[in-house]
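The structure appears right after this line, and notes come after that.
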Protein chains: 2
Amino acid sequence: MNQHLQPVISTASSRIYETLRRDLVGGRFAAGEKLAINALKDHYHVGLSPLREALNKLAAYGLLIQENQRGFRVPTLSRSELDDIANMRLELEGMAFERAIQHGDDVWEAELLAAAHRLKRADLSLEKGEEWEVLHSQFHRTLVAPCGSVWLLRFIEQLHDQFDRYRRLGPKIPTVRQTLDEQHHELVELALQRDSKAARALLDDHIHKSYQVALKRYQEHA
Amino acid sequence: MNQHLQPVISTASSRIYETLRRDLVGGRFAAGEKLAINALKDHYHVGLSPLREALNKLAAYGLLIQENQRGFRVPTLSRSELDDIANMRLELEGMAFERAIQHGDDVWEAELLAAAHRLKRADLSLEKGEEWEVLHSQFHRTLVAPCGSVWLLRFIEQLHDQFDRYRRLGPKIPTVRQTLDEQHHELVELALQRDSKAARALLDDHIHKSYQVALKRYQEHA
DNA sequence: TTATACATAATAATCGATTTTTTAACTGAC
DNA sequence: GTCAGTTAAAAAATCGATTATTATGTATAA
């Protein structure tokens with residue numbers, strides 16, 4: 001069932017990479033903050049070499065800024081960047097979703113239903129911790145998975161991580177969240193009906209509502 | 001004049017990164033090849049730490065494949081991936097060019113003309129070495145620069161590097177190349193006239209012709 | 001032969017220490 | 001007091017060596 005049995009073998013470097021990625025996306029570092037490498041080393045109990053390799057990867061991925069001779073910083077947040085990210089999500093995820101609806105087979109349909117179901121269970125618990133976040137990412141990944149473009153999927157993944165830096169700034173807003181949760185199931189419905197047009201429209205709306213949430217977070221954050 | 005006076009300060013890590021990026025894009029490594037880190041270390045005269053940091057960045061960027069406990073490999077080439085990359089270029093560069101034409105100011109117009117002029121001088125010399133490649137990249141970067149989206153530019157840059165792994169597989173084909181060279185000037189023309197529609201159509205054609213070249217290279221490569 | 005277990009060589013990953021560079025603190029002249 | 005120059009402390013980058021893992025070779029048994 002587990003499609004990527006890759007990380008059975010892990011290295012210190014790959015583990016700390018994944019940990020730091022989660023923590024950066026989850027907002028456990030302040031935007032603009034300069035990372036004290038030695039402090040990180042102690043905090044995460046890793047050696048300097050694997051830590052630096054992870055930081056280099058995160059910088060290439062866009063979750064850190066690297067400046068020669070002065071280490072690594074957490075990227076700052078800005079309204080204009082949030083707009084940029086949300087717009088790119090609209091374009092790329094819309095494109096991918098339409099293609100996925102065209103190409104997705106019955107295995108995909110089953111995976112979609114499964115992903116939506118797992119997410120709904122987590123929705124109900126109202127305890128939206130890291131586990132909900134994982135299921136939520138997984139759901140959106142599944143939605144576009146059979147789009148046929150490896151690079152498109154890669155870019156979308158990257159944009160999601162960037163977007164979540166804004167969305168996860170503050171505490172959850174239950175009322176808006178509920179609408180968004182309901183849309184997940186409607187997205188599956190339209191996908192199964194192969195209604196590209198309506199599906200894309202709903203996804204656009206979904207991303208736009210998420211954007212409103214993220215923007216609110218960002219503005220209340222200051 | 002030089003807008004990014006950033007890499008005045010460089011580190012061993014950033015230097016070897018840039019060198020390896022160029023060599024990977026320029027096809028100086030065989031597709032699928034496993035990199036012998038020690039050999040690289042000797043060949044490029046760098047230490048292990050900066051080399052590994054560069055390799056990690058290149059893997060995150062997509063120019064290398066990293067497998068835990070078994071180092072780094074050059075990604076293989078495939079028809080389907082070339083198709084994917086070319087399609088994504090069509091979508092993203094088209095989008096970016098249209099936006100650039102909407103937002104670009106008179107400074108952009110001047111830079112466009114300058115970039116096209118420099119490229120033409122290199123075209124004429126028929127000696128299309130690394131210098132031509134740099135000017136060519138710079139031209140295409142300028143074309144889309146004022147599109148307003150940092151992330152879009154980032155993705156396009158990445159796709160260009162990936163595309164060039166195919167385009168630069170074999171020797172130049174003068175006849176096709178000449179058509180492509182001429183299109184560069186026509187692209188500037190249409191951009192200055194702010195004719196989004198025609199400009200995008202020509203860019204589509206330009207990318208498509210480049211794709212044909214890259215595909216030929218790839219097929220003759222085997 | 002073919003397969004399996006073991007030993008050996010090669011390579012990747014990591015550690016601990018050193019070197020280099022930047023940042024902060026200090027000093028004295030104006 | 002402020003500013004340039006100097007020194008001290010901190011941090012980043014790099015090196016050389018060690019450890020862990022994988023790949024290779026060889027001998028032995030089925």
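Proteins come first, then strands; the chains are lettered A, B, ... in the order of their sequence lines, and each starts at number 1. What you are looking at is a predicted structure, and each value in this text was computed from that prediction instead of being measured.
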Original post:
Atom CG of A:Asn68 to atom P of C:dT23: distance rounded to whole Å?
Top reply: 12 Å
Original post:
In whole angstroms, how far is the P atom of D:dA12 from the CG atom of A:Leu48?
Top reply: 9 Å
Original post:
For A:Leu51, which contact category applies under a 4.0 Å heavy-atom criterion: base, sugar-phosphate, or nothing?
Top reply: nothing
**OP:** Provide, to the nearest angstrom, the distance between the CG atom belonging to B:Asn38 and the P atom belonging to C:dT11.
**Re:** 7 Å
Original post:
Is a side-chain donor or acceptor of B:Asp164 paired with a backbone partner of B:Arg167 at a separation under 3.5 angstrom?
Top reply: no
**OP:** Check every strand shown and say whether A:Leu55 touches a base, only sugar-phosphate, or nothing at a heavy-atom separation below 4.0 Å.
**Re:** nothing
Subject >> Derivation and outcome, side chain to side chain donor-acceptor pair (under 3.5 Å), residues B:Asn56 and A:Tyr17 >> reply: CA-CA 11 Å; B:Asn56 271 281; A:Tyr17 171 83; over 6 Å; no
Subject >> From D:dT14, C:dA13, C:dT23, nucleotide with atom closest to A:Arg70 side chain >> reply: C:dT23
Original post:
Within this structure, what is the CD-to-P distance between A:Glu53 and C:dA13, rounded to whole angstrom?
Top reply: 7 Å
**OP:** Send over the distance from A:Leu35 CG to C:dT22 P, rounded to a whole Å.
**Re:** 19 Å
Original post:
A:Glu131 versus A:Leu135: any side-chain heavy-atom pair under 4.5 Å?
Top reply: yes
Original post:
Salt bridge check: are A:Arg168 and A:Glu130 linked by an N-O gap of less than 4.0 Å?
Top reply: yes
Original post:
Which nucleotide sits closest to the side chain of B:Ser49: C:dT21, D:dG16, C:dT11?
Top reply: D:dG16
Subject >> A:Arg15 CZ to C:dA13 C1', straight-line distance once rounded to whole Å >> reply: 11 Å
Original post:
In terms of side-chain heavy atoms of B:Ser13, which of C:dT22, C:dC15, D:dT14 is nearest?
Top reply: D:dT14
Original post:
Taking atom C1' of C:dA13 as reference, at what distance in whole Å does atom CD1 of B:Ile37 sit?
Top reply: 9 Å
Original post:
In whole Å, what is the span from the CD1 atom of A:Ile65 to the C1' atom of D:dA12?
Top reply: 18 Å
Subject >> Derivation of the salt bridge (Lys or Arg N to Asp or Glu O under 4.0 Å) call for B:Asp161 and B:Arg165 >> reply: CA-CA 7 Å; B:Asp161 277 351; B:Arg165 293 186 66 222; over 6 Å; no
**OP:** Counting heavy atoms from C-beta on, name the nucleotide in C:dT14, D:dT14, D:dT21 closest to the side chain of B:Gln69.
**Re:** D:dT21
Original post:
Is the distance from OP1 or OP2 of D:dA13 to the nearest side-chain N or O of A:Arg52 less than 4.0 Å?
Top reply: yes
Original post:
What nucleic acid atoms does A:Lys34 come within less than 4.0 Å of, heavy atoms only: base, sugar-phosphate, or nothing?
Top reply: sugar-phosphate
